[in-house]
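What follows is a single structure, written as structure tokens, with notes after it.
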Amino acid sequence: MKYEFLPHARKRMAERTISRKLVIDALRFPTKISSNRQGRQLIKKLYTGKRGVKRLLLVVIEVASDVIIIITVIDTSKVGKYL
């Protein structure tokens with residue numbers, strides 16, 4: 001499967017120092033997946049960040065034939081709120 005990062009997603013990753021490797025890991029091994037009415041999926045990945053703190057990575061995607069399009073990426077410490 002190919003991955004296409006939209007400019008908005010690349011910008012958010014740079015702002016939040018989120019690596020491409022972490023995003024792809026979330027897509028391959030998600031903690032939870034949900035969908036919305038527009039056909040987008042929300043991938044949630046629980047991981048351990050710096051200093052051993054639990055964090056949650058949220059990745060909004062669309063799937064188009066053989067390409068996963070990454071719309072945006074969010075990293076949060078509010079695990080209980082979103083998971």
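Hydrogens, waters and symmetry mates play no part in the numbers below; they use all other heavy atoms, side chains included. Quick note: residue numbers are just sequence positions, from 1.
- Every salt bridge (charged side-chain N to carboxylate O under 4.0 Å, His left out) that R40 has, sequence neighbours left out, goes to E62.
- Taken from CG in L58 to CG in D75, the straight-line distance is 8.0 Å, to the nearest 0.5 Å.
- Taking CE from M13 and OG from S19, the interatomic distance works out to 6.5 Å, rounded to the nearest 0.5 Å.
- Here the closest heavy-atom approach between residue S35 and residue Q41 is recorded as OG-CG, 3.8 Å.
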Quiz item: Do I70 and V59 pass the side-chain contact (heavy atoms from CB on, under 4.5 Å) test, and can you show the C-alpha distance, the side-chain angles, and the key distance before you say yes or no?
Solution: CA-CA 7 Å; I70 294 100; V59 183; 3.9 Å; yes
Could you pull out every donor-acceptor pair under 3.5 Å between side chains of residues 3-10 and any protein atom, sequence neighbours left out?
from: H8; atom 1: NE2; to: T72; atom 2: OG1; distance (Å): 3.1
from: R10; atom 1: NH1; to: F5; atom 2: O; distance (Å): 2.4

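- With a 4.5 Å cut-off on side-chain heavy atoms, D25 and K45 count as touching.
- Here the OG1 atom belonging to T31 is positioned 9.5 Å from the CG atom belonging to L57, to the nearest 0.5 angstrom.
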Practice problem: Would you check, one step at a time, whether the test side-chain contact (heavy atoms from CB on, under 4.5 Å) holds for V53 with T48? | Solution: CA-CA 6 Å; V53 177; T48 304; over 6 Å; no
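- Exactly one of I69, V23, L27 qualifies for a side-chain contact (heavy atoms from CB on, under 4.5 Å) with I61. That residue is L27.
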Exercise. Could you check L42 against N36 for side-chain contact (heavy atoms from CB on, under 4.5 Å), going step by step and ending with a plain yes or no?
Key: CA-CA 8 Å; L42 176 61; N36 68 10; over 6 Å; no
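- Here OG of S34 is found 13.0 Å from OH of Y82. Values are rounded to the nearest 0.5 Å.
- K44 places a side-chain heavy atom less than 4.5 Å from the side chain of L56.
- Of the possible polar contacts, one joining the R16 side chain to the V73 backbone as a donor-acceptor pair under 3.5 Å is found.
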